[in-house]
Amino acid sequence: MSLRLERDGAIARLLIDRPARRNAMTQAMWEELPVLVAQAMTDDAVRVLILSSATPGIFCAGADIGEFARHSSDEAWRIANQAAIRASQYALAHAPKPVIAAIDGDCVGGGCGLAIACDLRIAAPTARLGITPAKLGIVYSLFDTKLLVDLVGPARARRILFTGALHGANDALAIGLIDEIADDPFAAATALARTIATNAQHSVRASKAIIRRILDGQADDDEVTLAMFRDAFTLPDFAEGVAAFQAKRRPDF
């Protein structure tokens, strides 16, 4: 089993588990990842998903280049592979619940593509991140590239892609490629997930949905986003939040 989903209360963990190949993603793994993300999203008990390696010191070396080489002349496989990679990134980026990447070790190529599709990224001090199509003579899709541009801006995205360089954790933090450095990124991601899980989930998910609309090009409210604001006042989370505030207690969402 190269990917698996585990649940601990309100937190689900999507674990990449192929340590002998530094968690390099095969076609089967790309195809399985959106399925597991969907399982976490449809589980009512789950409030936050963490993407990480099952093995300390490894995150993901990207796509399995040996598999690329074996199938490079097969157009049908190339089309299927592109679709599966996009589906994996899309599932993470558009998941209705927050997704946190816990990065321990190298996070390269398609592995970095998975990390930048998450909402937040916490990395170990020894982590290295890079997107390396220029080292292989391949081209990343527009959707994949847009995730990077949204995160670090066009100038830094150009530098990352043109050079194919690996960035240490401090450099990655400085340019916005990650959000936090922690000695134990998995523990830090779990602590953050628990904090998020205690808040009003309607607010958290609506905020994620609105941010995604902005990133996808929406610049002003429409009836959907206006209704999100109005309708929140009629929902149980608002009633509990106000009651807790007035009683000077912690809300129980």
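A quick note: this is a predicted structure, and the numbers were derived from the prediction, not measured. Side-chain atoms are counted along with the backbone in the values below, which use heavy atoms only and exclude waters and symmetry mates.
- Put simply, CD1 on Ile131 and CG on Leu148 are 4.5 Å apart, with the number rounded to the nearest 0.5 Å.
- A continuous path of ILVMFWY side-chain contacts below 4.5 Å connects Ile160 to Ile138, so both sit in one hydrophobic cluster.
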Ile175 and Arg159: CA distance, side-chain angles, deciding distance, side-chain contact (heavy atoms from CB on, under 4.5 Å) verdict: CA-CA 11 Å; Ile175 66 175; Arg159 189 177 184 91; over 6 Å; no

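- Heavy atoms from other residues, nucleotides or ligands lying under 6.0 Å from CZ of Arg230 number more than 12.
- Under a 3.5 Å cut-off, the side chain of Arg78 and the backbone N or O of Ser72 do form a donor-acceptor pair.
- Between Leu51 and Phe59, the closest side-chain pair of non-hydrogen atoms falls below 4.5 Å.
- If you chain together hydrophobic residues whose side chains sit under 4.5 Å apart, Val242 and Phe233 fall into the same group.
- Counting non-hydrogen atoms of other residues, nucleotides and ligands closer than 6.0 Å to CG of Leu142 gives a total of 12 or fewer.
- Grouping the Ile, Leu, Val, Met, Phe, Trp and Tyr side chains by contacts below 4.5 angstrom, directly or via other members, places Ile65 apart from Val139.
- Residues Asp17 and Thr55 are in side-chain contact: their nearest non-hydrogen atoms beyond the backbone lie under 4.5 Å apart.
- Proximity of Val204 to Arg47: side-chain heavy atoms (C-beta onward) are nowhere separated by under 4.5 Å.
- When every heavy atom of Ala45 is checked against every heavy atom of Arg7, the shortest pair comes out as CB-NH1, 3.4 Å.
- The distance from the CE atom of Met25 to the CD atom of Glu31 is 10.5 Å, given to the nearest 0.5 Å.
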Pair Ile122-Asp179, side-chain contact (heavy atoms from CB on, under 4.5 Å): steps then yes or no: CA-CA 6 Å; Ile122 301 175; Asp179 305 289; 5.7 Å; no

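- Note on Met41 and Ile196: separate hydrophobic clusters, where clusters join Ile, Leu, Val, Met, Phe, Trp and Tyr whose side-chain heavy atoms are under 4.5 Å apart, directly or indirectly.
- The heavy-atom pair separating Lys208 from Leu92 by the smallest distance is NZ-O, 3.6 Å.
- The backbone N or O of Asp252 lies less than 3.5 Å from a partner atom in the side chain of Glu240, making a donor-acceptor pair.
- Listed for the Ser53 side chain is no donor-acceptor partner under 3.5 Å among the backbone atoms of Pro56.
- With rounding to the nearest 0.5 angstrom, the CG atom of Leu49 is 7.0 Å from the CG atom of Leu5.
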Worked verdict on Asp171 versus Leu129 for side-chain contact (heavy atoms from CB on, under 4.5 Å): CA-CA 9 Å; Asp171 187 26; Leu129 297 90; over 6 Å; no

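- For the pair Ile85/Asn81, a side-chain contact is recorded, criterion being any heavy-atom separation below 4.5 Å from C-beta on.
- Of all heavy-atom pairs spanning Glu180 and Leu173, the tightest one is N-CD1, 3.8 Å.
- In this structure, Thr190 and Asp8 have side chains that are not in contact, with every pair of non-hydrogen atoms separated by 4.5 Å or more.
- For Asp104 (side chain) and Ile58 (main-chain N/O), no donor-acceptor pair under 3.5 Å exists by modelled atom type.
- Between the side chain of Glu67 and the main chain of Gln27, a donor-acceptor pair closer than 3.5 Å is present.
- In terms of heavy-atom proximity, Ala197 sits nearest to Val48 at N-CG2, 4.2 Å.
- Atom CD1 of Ile50 and atom SG of Cys118 lie 10.5 Å apart (nearest 0.5 Å).
- The shortest distance between side-chain heavy atoms of Leu114 and Trp30 falls below 4.5 Å.
- Crowding of Phe229 atom CZ: a count of heavy atoms from other residues, nucleotides or ligands under 6.0 Å not exceeding 12.
- Remark: Gln218 CD is packed, more than 12 non-hydrogen atoms of other residues, nucleotides or ligands lying under 6.0 Å away.
- Other residues, nucleotides and ligands contribute only 12 or fewer heavy atoms inside 6.0 Å of the OH atom of Tyr90.
- Judged by distance alone, the side chain of Asp119 and the main-chain N or O of Ile100 form no donor-acceptor pair under 3.5 Å.
- Residue Val99 is not grouped with residue Leu192 when hydrophobic side chains (ILVMFWY) are merged at heavy-atom distances under 4.5 angstrom, including chains of intermediate members.
- With hydrogens and angles ignored, the 3.5 Å screen pairs a side-chain donor or acceptor of Arg121 with a backbone N or O of Ala115.
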Derivation of the side-chain contact (heavy atoms from CB on, under 4.5 Å) call for His94 and Asp216: CA-CA 11 Å; His94 290 263; Asp216 287 345; 3.5 Å; yes

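- In this structure a side-chain-to-backbone donor-acceptor pair under 3.5 Å is missing from Arg21 to Asn23.
- Judged purely by atom type and a 3.5 angstrom limit, Gln201 has no side-chain atom pairing as donor or acceptor with the backbone of Phe253.
- The side-chain heavy atoms of Lys97 and Val37, taken from C-beta on, include no pair separated by under 4.5 Å.
- At most 12 heavy atoms of other shown residues, nucleotides or ligands fall within 6.0 angstrom of atom CD in Glu75.
- From Leu33, atom CG reaches atom OG of Ser2 across 11.5 Å, with rounding to the nearest 0.5 Å.
- Applying the salt bridge (charged side-chain N to carboxylate O under 4.0 Å, His left out) test between Arg213 and each of Asp221, Asp220, Asp222 identifies Asp222 as the sole match.
- Here the closest heavy-atom approach between residue Gln89 and residue Gly113 is recorded as NE2-O, 2.9 Å.
- Side-chain contact between Arg128 and Val108 is absent, with no heavy atoms from C-beta onward closer than 4.5 Å.
- For the atom pair CD1 (Ile181) and CG (Asn170), the distance works out to 4.0 Å, reported to the nearest 0.5 Å.
- When all heavy atoms of Cys60 and Ile16 are compared, the closest pair comes out as CB-CD1, 4.2 Å.
- Between Trp77 and His71, the ring-plane angle classifies as parallel under the 30° and 60° cut-offs.
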